[in-house]
Amino acid sequence: MKSIWISLIFIILIFSTQPDCQELFTRAEEYLKTGQYLKAKEIFLKYSEDPKFVDKALLGVAKSDYFLGNYYEATLSLRRVLRDFPASPCVNEANLYMGLSLLKIKRVHIAESYLKKVKPPFEKKAKIGIGWIAFYRGNLKEVEKTLNEFDKNDFNEPELALLKVKYLAYVGKADEAIKEFEKNYKLNKADYFLDKAEILIKAKRYSEAESILKRIISLSKNNYDIIMAKKLLFDLYFEQGKPEALIIGKEIYTTVPSDEVKLKLFTLYLNQKNYDEAVKSLFAVRDKVTRERKIEEFLKTLMKESPDKANSYIMKSYPFISADSALLLECSKFLINQGKTEEAKILLKKIQTGPRKAEAIIPYAKILINEGKYAEAKKILEPLKNRNSVATGVYGLALYKEGKQTEALKYLKGVSKSVKDKEILRILGDLEYSQGQKNKAIQYWMEASKLSDSQATVKVADYFYLNKKTKEAIEFYKKALNQDIKDQNTLLWVYYQYGKLTKDKTYLEKVANSNSELSVAAKAILENL
């Protein structure tokens, strides 16, 4: 019995020497104030599963993680507070630190929703967070408005002082921003070296910024700081046009998957003509408007400068382009001109799912006509043929190809004054010529020739030749040579006629050296020149 009493007394003595919970919490709070965050976190963690103190302990753990720079970890503890203890007095401060933590990891929109819930006595800190949100969104006028709402003494708060410094740097006052930064002893601590480097970059003091960033990368134990330092180093090298930018860009691509990084990588790859990697970066851009605009710029440049490569990149890119984009129509026309009609049909089918359906039906129908699918072409043109003059003309074109010339002429004549389609105008000329209307025919052919229809140009030249107007015939044969004559026999005919009329041996020799029926005639002329 005596031994039991001794044991009880011993246990009581042990527990009586342990500080109570409130004392420990007070000590942990002091650790937070004095920057001893690991010690604070250690105490708070002891009570993070205790039903009596879990909400306060979790908030303490979150605040410790926040000040340690473990922003994502802080949100995990805060979610438990907000989810499991909605009536706790800790909720107000939890909303504050949830907003600030999300802000640090650039989840701006969600951060704003938490900060707007914050009430006194934390409303000033929340307002600073709202100011940072405006800064990240590029709304510098709103940042200025926020800064003006604070008193001079409020700027002793480092985050507010830093916001002012960043604002000055981004409105073109980088030198003033550096002076403000350097005279603030709180900002001159290691916690704000990243921000100082960013401001130095704005001031184009690259070597100083580079030194700071390299030091952070080599010495910091905080992964977040290392990643952000690499991101700023990437920006610095990109701005200077240094090749190191691409090396770091590849390294941070997965850890900083922002559209800004992707677009800069796109530019770097594009400068190297590495189109495969360029489009991979571009397709990964999340903002649809920006992505489509950049794709448009890329494809337009490629169609102009490297048409041989443009085809494949159009087909890789079209799924990322909206059906109502004028670019799809432009690309489909490009593919048609390149002879890639099957690829063009894919794009035109997509366009037909959007508001530009009528614009896509017409070139699609023309492809079908060239494929000999006249009934199918007429079917898709049926709803448009009486409402759209170009559709009427293409419908007439289908009839002409079917051999229904009288019916075709009726449709084509009705749109002859409004349609500027070179093939339709040329065929109108053919139909009028077959009807004996030679004066009308030459008018239509000349209109088609103005639209660079080589076949029509040759017909005009032949017309003038047959009517013994040699000067005009030479003019149009010459014009045809400057146009794209795809048919080899037609090209040799133009060589022969132009060479014969101008007595130019160069063109006659091309015909003489060919295997065409005109070679004998060309040789005979050459013998007499």
Side-chain angles (χ1 to χ4, degrees), residues 32-33 58-59 62-79 81-83 86 88-174 176-177 180-181 184 186-187 189 191-192 194-196 198-199 202 224-225 228 231-232 256 258-260 286-287:
L32 283 178
K33 289 177 184 177
L58 286 171
L59 177 60
K63 288 166 69 176
S64 302
D65 275 326
Y66 175 82
F67 291 115
L68 284 165
N70 303 326
Y71 305 117
Y72 177 73
E73 290 85 344
T75 64
L76 299 179
S77 300
L78 292 166
R79 279 197 179 90
V81 176
L82 296 170
R83 181 191 65 205
S88 168
C90 297
V91 165
N92 191 28
E93 197 172 7
N95 278 324
L96 172 68
Y97 280 97
M98 178 65 92
L100 295 178
S101 298
L102 290 167
L103 193 56
K104 289 290 186 180
I105 56 178
K106 302 298 188 292
R107 297 183 65 182
V108 175
H109 183 70
I110 307 173
E112 185 177 27
S113 66
Y114 285 100
L115 291 172
K116 283 184 174 180
K117 295 176 186 177
V118 178
K119 300 172 184 177
F122 303 112
E123 76 279 13
K124 275 193 175 182
K125 287 186 177 181
K127 191 181 289 185
I128 295 170
I130 296 291
W132 277 106
I133 288 170
F135 176 80
Y136 290 134
R137 288 174 174 166
N139 190 345
L140 296 177
K141 286 186 177 180
E142 190 62 32
V143 175
E144 183 181 11
K145 181 182 174 184
T146 301
L147 291 171
N148 289 334
E149 290 176 6
F150 288 93
D151 297 327
K152 185 178 179 181
N153 292 334
D154 292 327
F155 286 88
N156 291 323
E157 167 60 46
E159 289 294 318
L160 183 59
L162 183 62
L163 180 60
K164 181 183 177 181
V165 167
K166 288 284 189 77
Y167 166 78
L168 290 170
Y170 276 76
V171 294
K173 299 178 181 179
E176 187 179 337
E180 284 280 332
F181 189 100
N184 188 314
K186 289 185 178 178
L187 293 183
K189 298 190 322 187
D191 293 351
Y192 298 98
L194 275 170
D195 302 290
K196 185 173 184 179
E198 183 183 354
I199 298 161
K202 283 285 180 184
Y224 179 83
D225 285 350
M228 289 299 101
K231 164 65 171 61
L232 283 173
V256 190
S258 68
D259 283 356
E260 180 196 354
R286 297 182 69 181
D287 184 82

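Computed from a prediction, not measured in an experiment: that's the story for all the values here.
- The salt bridge (charged side-chain N to carboxylate O under 4.0 Å, His left out) test applied to Glu123 returns no partner, not counting sequence neighbours.
- Taking a 6.0 Å sphere around NZ of Lys186, one finds it holds more than 12 heavy atoms contributed by other residues, nucleotides or ligands.
- The local environment of CZ in Arg83 is crowded, with over 12 non-hydrogen atoms from other residues, nucleotides or ligands closer than 6.0 Å.
- For the pair Asn92/Pro121, a side-chain contact is recorded, criterion being any heavy-atom separation below 4.5 Å from C-beta on.
- Few gaps surround NZ on Lys117; more than 12 heavy atoms of other groups in view lie less than 6.0 Å from it.
- Applying the salt bridge (charged side-chain N to carboxylate O under 4.0 Å, His left out) rule to pairs touching residues 95-114 yields Lys104-Glu159, Glu112-Lys116, Glu112-Arg137, sequence neighbours excluded.
- A distance of 10.0 Å separates OG of Ser101 from CD of Glu73, quoted to the nearest 0.5 Å.
- Here the straight-line distance linking atom OG of Ser113 with atom CG of Leu102 works out to 7.5 Å at 0.5 Å rounding.
- Taking the side chain as every heavy atom from C-beta outward, Leu115 and Asn95 never approach each other to under 4.5 Å.
- The side-chain heavy atoms of Asp195 and Val165, taken from C-beta on, include no pair separated by under 4.5 Å.
- The shortest heavy-atom contact between Ala94 and Leu82 is CB-CD2, 3.8 Å.
- Minimum heavy-atom separation, Cys90 to Leu59: CB-CD2, 3.9 Å.
- Atom-to-atom distance recorded for Ile105:CD1 and Asn70:CG is 11.5 Å, nearest 0.5 angstrom.
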Quiz: residues 138-150 side-chain donor-acceptor pairs under 3.5 angstrom, not counting sequence neighbours:
from	atom 1	to	atom 2	distance (Å)
Asn139	OD1	Glu142	N	3.1
Glu144	OE1	Tyr167	OH	3.4
Thr146	OG1	Glu142	O	3.0
Asn148	ND2	Glu144	O	3.2

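- Nearest approach of Ile199 to Ala177, heavy atoms of both residues: CG2-CB, 3.9 Å.
- Between the CG atom in Leu194 and the CE atom in Met228 there is a gap of 8.5 Å [rounded to 0.5 Å].
- For the atom pair CD (Glu157) and CG (Leu162), the distance works out to 10.5 Å, reported to the nearest 0.5 Å.
- For the atom pair Leu103 CG and Ile110 CD1, the distance stands at 12.0 Å (nearest 0.5 Å).
- Ion pairing of Glu260 with Lys231 is present here, as a side-chain N (NZ or NE/NH1/NH2) and a carboxylate O approach within less than 4.0 Å.
- In this view, Tyr224 and Tyr71 satisfy the ring-ring contact (aromatic ring centres under 6.0 Å, His included) rule, not counting sequence neighbours.
- A donor-acceptor pair under 3.5 Å links the side-chain atoms of Thr75 to the main chain of Tyr72, judged by distance alone.
- Between Leu32 and Ser64, some side-chain heavy-atom pair lies under the 4.5 Å cut-off.
- No side-chain heavy atom of Leu58 sits less than 4.5 Å from a side-chain heavy atom of Leu78.
- Counting only residues at least two apart or on different chains, the ring pair (Phe, Tyr, Trp, His ring centres under 6.0 Å) pairs with a member in residues 112-134 are Trp132-Phe135, Trp132-Tyr136.
- Shown here are the salt bridge (charged side-chain N to carboxylate O under 4.0 Å, His left out) partners of Lys124, two or more places apart in sequence or in another chain: Asp154.
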